[in-house]
Engineer: 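Structure provided below as structure tokens; questions to follow.
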Amino acid sequence: MFSYRHAFHAGNHADVLKHLTLVAMLKYLTDKDSALTVIDTHAGAGLYRLDGDMARTSAEATQGVQKLFLGSDLVPKGQITGKESAQGAMQSIAPALQDYLDALASFNNTATASRVYPGSPLLIHSLLRPEADKLKLFELHPTDYRSLSGHIKQLDAGRMVTADCANGFEKLKTLLPPPNKRALVLMDPSYEMKSDYGQVSACIQEAILKFPTGCYAIWYPIIPRPEAHSLPKKLKTMAVAAKRPWLQATLNIGQEPPKHAIGEKPSKLVGLRASGMFIINPPHTLKAALNEALPQLVTLLGRGRGKGFTVAS
Ligand code: SAM
């Protein structure tokens, strides 16, 4: 069985990029009248405690969402515009960043803003319309599946939300095309196994053939590994061959500056510095939204050499 547990990584900079993009897409897609099906092929546990043992051990959220809260202050919508951030670099919060913060705020009260972090299943559920939309979740790790089931049960969402302990790569094709012909697919594997890269491209290739107009959002790590490097290139080739629009957004928080203080322990925060989202059939509003929000993420989360963002389509 896999050793990857998302609780160690919840709320890190990669989650910030992925979930901010997800919220922006859902805001657009649920603004239309017709029903939407969202398929989350790699759901995780659904909800995380940032003050729990696993999150505290890795401390990744301190370089992600917790740093964001400190920089932008979690306050209700409308109160933040025109306000200077703690770093003094921003005059107002980009709408997509504000929407993401608002979505997180609904899981926290302001006093404990960064204690609870919603994973993709609960974040998606919070933005769907109970009377119209459907959410299909897949999670293979038995422990995380148990947590996910418990969180879903508490939502009391009835048939709107289903969760299966099953292989999301295999299940996706059985759900396409969805009955209402509108779907957003989030594919967010851990890439713990090298084979995940090939599975993502094969699965997306098959999905586009079955349902070319679906919106497909794939998260990937930016690491020095040939498979990771070629995955977005393969996705782009597929989108172009299928004559579908695409968008690629990356966020790099850069290298952590060396610590000089005497007696200070070296940081454990090595590891992933950058990640990307590749989207096929993105909402037409997404590029502008990310071009406004990502520079602010770099200001708030950037650490040093290499920090930056890209948005291409
Ligand atoms: N999407 C979640 C979020 O944003 O909150 C995080 C998901 S985490 C990066 C990846 C998850 O996929 C892990 O919980 C892992 O157990 C699960 N997993 C790995 N292989 C899988 C597969 N083939 N099908 C479904 N889940 C899988």
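In each ligand, atom 1 is the first atom listed, and ligand 1 is the first ligand listed.
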Engineer: Between Asn167 and ligand 1, which residue portion shows a heavy-atom distance shorter than 4.0 Å: side chain, backbone, both, or neither?
Structural biologist: both
Engineer: Touching ligand 1 at all, Thr41? Heavy atoms, strictly under 4.0 Å?
Structural biologist: yes
Engineer: At less than 4.0 angstrom from any non-hydrogen atom of Asp144, what atoms of ligand 1 do you find?
Structural biologist: 14 (O)
Engineer: Would you please name every residue forming a salt bridge (charged side-chain N to carboxylate O under 4.0 Å, His left out) with Arg5, sequence neighbours left out?
Structural biologist: Asp144
Engineer: Table please: side-chain donor-acceptor pairs of residues 233-241 below 3.5 Å, with sequence neighbours left out.
Structural biologist:
| unit_1 | atom_1 | unit_2 | atom_2 | d |
| --- | --- | --- | --- | --- |
| Lys233 | NZ | His229 | NE2 | 3.4 |
| Thr237 | OG1 | Lys233 | O | 2.9 |

Engineer: Quick one: do Asp188 and Lys18 make a salt bridge, cutoff under 4.0 Å?
Structural biologist: yes
Engineer: As a test of understanding, state which of Thr37, Leu135, Leu29 forms a side-chain contact (heavy atoms from CB on, under 4.5 Å) with Leu128.
Structural biologist: Leu135
Engineer: Which is it for Ser3 and Glu192 under the side chain to side chain donor-acceptor pair (under 3.5 Å) test, yes or no, and what are the steps along the way?
Structural biologist: CA-CA 8 Å; Ser3 59; Glu192 190 183 6; 2.7 Å; yes
Engineer: Could you list the atoms of ligand 1 found under 4.0 angstrom from a heavy atom of Gly119?
Structural biologist: 5 (O)
Engineer: Any salt bridge linking Arg225 with Glu227? Criterion: basic side-chain nitrogen under 4.0 Å from a carboxylate oxygen.
Structural biologist: yes
Engineer: Which ligand 1 atoms, with their elements, are less than 4.0 angstrom from a heavy-atom of Ala43?
Structural biologist: 1 (N), 2 (C)
Engineer: Taking 4.0 Å as the limit for heavy-atom contacts, which would you say applies to Ala10 with ligand 1: side chain only, backbone only, both, or neither?
Structural biologist: neither
Engineer: Please verify whether a non-hydrogen atom of Ala166 lies at under 4.0 Å from ligand 1.
Structural biologist: yes
Engineer: Under 3.5 Å between any N/O of His42 and any N/O of ligand 1: does that happen in this structure?
Structural biologist: yes
Engineer: Evaluate Asp15 for polar contact with ligand 1, using N/O atom pairs at a separation under 3.5 Å.
Structural biologist: no
Engineer: As an exercise, identify every atom of ligand 1 less than 4.0 angstrom from a heavy atom of Gly44.
Structural biologist: 14 (O)
Engineer: Between Val185 and Leu172, is there a side-chain heavy-atom distance shorter than 4.5 Å?
Structural biologist: yes
Engineer: Using a heavy-atom cut-off of under 4.0 Å, does the side chain or the backbone of Lys18 touch ligand 1, or both, or neither?
Structural biologist: side chain
Engineer: Among side-chain atoms of Thr310 and Thr250, is any donor-acceptor pair under 3.5 angstrom?
Structural biologist: yes
Engineer: Under 4.0 Å from a heavy atom of Phe169: give me the atoms of ligand 1 that qualify, with their elements.
Structural biologist: 23 (N)
Engineer: Would His19 count as a polar contact of ligand 1, with the cut-off being nitrogen or oxygen pairs under 3.5 Å?
Structural biologist: yes
Engineer: For ligand 1, is there an N or O atom under 3.5 Å from any N or O atom of Gly168?
Structural biologist: yes
Engineer: Are the side chains of Arg129 and Leu36 in touch, meaning some heavy atoms are under 4.5 Å apart?
Structural biologist: yes
Engineer: Could you pull out, from Glu192, Lys171, Glu139, His141, the option with a heavy atom nearest to atom 17 (C) of ligand 1?
Structural biologist: Glu139
Engineer: Regarding Tyr220 and Gln248, do their side chains bring together a donor and an acceptor under 3.5 Å, going by distance alone?
Structural biologist: yes
Engineer: Can you spot which of Tyr145, Tyr4, Phe169 makes a ring-ring contact (aromatic ring centres under 6.0 Å, His included) with His42?
Structural biologist: Phe169
Engineer: State whether the shortest distance between N or O atoms of Tyr48 and N or O atoms of ligand 1 falls below 3.5 angstrom.
Structural biologist: no
Engineer: Counting both backbone and side chain atoms, is some N or O of Leu186 under 3.5 Å from an N or O of ligand 1?
Structural biologist: no
Engineer: Minimum distance, heavy atoms only, to atom 5 (O) of ligand 1: which one of Cys165, Ala14, Pro221, Ser120 is it?
Structural biologist: Ser120
Engineer: Quick check on contacts: which atoms of ligand 1 are under 4.0 angstrom from a heavy atom of Asp188?
Structural biologist: 1 (N), 2 (C), 3 (C), 4 (O), 6 (C), 7 (C), 8 (S), 9 (C), 10 (C)
Engineer: Within the 3.5 Å criterion, strictly below it, is a donor on Ser275 or Trp219 matched to an acceptor on the partner's side chain?
Structural biologist: yes
